[in-house]
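Order of the sequence lines fixes the chain letters, A, B, ..., with proteins taken first and strands second; residue numbering starts at 1 for each chain.
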Number of protein chains: 2
Amino acid sequence: MEAARPLRADARRNRERVLDAARASFREYGRNAQMDDVARRAGVGVGTVYRHFPDKAALVEALVSERFREFAEDGRRALEEEDDVWEAFTGWLMRCGEWQESDRAFCEYLTNAVPHETKALVAEREGLQEVDRLFIEKGKRAGVIRDDARPDDIPLIMAGIAATARTGGIGNWRRHLHIALDGLRSASDRKLPD
Amino acid sequence: MEAARPLRADARRNRERVLDAARASFREYGRNAQMDDVARRAGVGVGTVYRHFPDKAALVEALVSERFREFAEDGRRALEEEDDVWEAFTGWLMRCGEWQESDRAFCEYLTNAVPHETKALVAEREGLQEVDRLFIEKGKRAGVIRDDARPDDIPLIMAGIAATARTGGIGNWRRHLHIALDGLRSASDRKLPD
DNA sequence: GTACAATCGGAACCGGTGTTCCGGTTCCAG
DNA sequence: CTGGAACCGGAACACCGGTTCCGATTGTAC
């Protein structure tokens, strides 16, 4: 169903342009980015934007989806290339923070409850959860992550960083991340609730 | 200039009603709350809402301002009534989280950069910063807060909690807060960057 | 080369929401 | 009691931005 009819050459090219323009616009303005602006940057009419994406929400989802995938990939790579688990873990979240710093739409997505997610996005999110699981597990085994940590603590921290990446003053999200990481580190006198 | 002319009786009563309605509406819907809805809940016409607040932003600011003040007051009280500093500190932030959980507008305010703040709001925010300073100082002196912590780490954590109070699943913000608090606790092997 | 289907552009449309405006009403001073 | 200033209500307005639509254009199969 995907390759039913390979997009016409100009159509494919325009689709790329639209995606590029959307990336730029949404990263800068977040949800406030305007479809007209996306079209203008792409050097294309709004109609063309709508031919490739049914509506604005779909465009945002496509971009966020992309980010989730990149993030998960980066995590897997770190997990297998870096042999110090803690290094891999912190490096991974640090890079995530850097992306967030320059991607307003992504931050907004992480800090605001979204009504309905596409199947595609849910799948991407689940892929990421798997990476969270791997990190926590490996970290615990190596004794660097506290025993009562859970995979779903990571999204909490990511969302937190997303919030400060946009309001805490430039670069301050790094402190925030470090604090959270220290809280996740293994130590004998700690106990998370529940 | 404040008491130049004491508001007419009905006007004062309506002002209260508008504020009550606005509280309810903005807490539930955040920035998406509609002026018409506020007016309806207050049993008043939109015109009346606008007579007391120049525009929507002013209304939001009034409410956020109120929250900042309450939060600062609560902190001062905890600081002098509770003699265990760490208890006071964690209790304070916990209560803050609980407020956030039921105040969407407040969360949104903390997690989104706002263009221009009113003098009044800035003052309120500074009052809160003073409380942050007191907590950090007293905590360090008691040896329960790490030496390299800074007063402005607290707003970072608050913003982080605000993010998860709305996206992390019910009650999960508590875990997030605990992790952050453990990261802020004093321990010998830690060092924040910068 | 030609024809037709896919694609394009962007003006026009349209719903939603903040804000204004003014005739009617209410409060209060004298 | 009464005049008038302050206040009220909510219909109407204005603007903004997402979405639609269709005549013009372009790519490609035959």
Would you please confirm or rule out a distance under 4.0 Å between OP1 or OP2 of D:dC7 and any side-chain N or O of B:N14?
-> no
Could you give the CZ-to-P distance, from A:R15 to C:dC8, as a whole number of Å?
-> 11 Å
Side-chain donor-acceptor pair under 3.5 Å between B:N14 and B:T48, yes or no?
-> no
A:Y29-A:E108 side chain donor-acceptor pair, cut-off 3.5 Å | no
Between A:V46 and B:G45, the residue closer to the 5' end of DNA chain D by nearest nucleotide is B:G45
Grab the CZ-C1' distance between B:R40 and C:dT17 for me, whole Å please.
-> 12 Å
Centroid-to-centroid, A:W99 to A:F106, below 6.0 Å?
-> no
Separation of atom CG in B:D36 from atom C1' in C:dG18, rounded to whole Å = 8 Å
Calculate the interatomic distance between A:K56 atom NZ and D:dT20 atom C1'; express it in whole Å.
-> 17 Å
Shortest side-chain distance from A:R8, nucleotide among C:dC8, D:dT26, D:dA11 | D:dT26
Separation of B:R13 atom CZ from C:dT26 atom P, in whole Å?
-> 11 Å
Would you mind classifying the nucleic acid contact of A:A42 as base, sugar-phosphate or nothing, using non-hydrogen atoms under 4.0 angstrom?
-> nothing
Would you mind telling me which of D:dG9, D:dG27, C:dG18 lies closest to the side-chain atoms of A:D10?
-> D:dG27
Which whole-number value in Å describes the distance from B:R17 CZ to D:dC7 P?
-> 16 Å
Within a reach of under 6.0 Å around CZ of B:R31, are more than 12 heavy atoms found that belong to other residues, nucleotides or ligands?
-> no
Nearest-neighbour nucleotide for the A:M35 side chain, C:dT19, D:dG18, C:dT17 considered | D:dG18
Between atom CZ in A:R31 and atom P in D:dC16, what is the gap in whole Å?
-> 21 Å
B:R51 side-chain N/O to D:dC8 phosphate OP1/OP2 under 4.0 Å = yes
What integer distance in Å separates A:R12:CZ from D:dG27:C1'?
-> 12 Å
Is atom CZ of A:R95 surrounded by more than 12 heavy atoms (other residues, nucleotides or ligands) closer than 6.0 Å?
-> yes
Considering only heavy side-chain atoms of B:Y50, the closest of C:dT20, D:dC7, C:dG9 is C:dT20
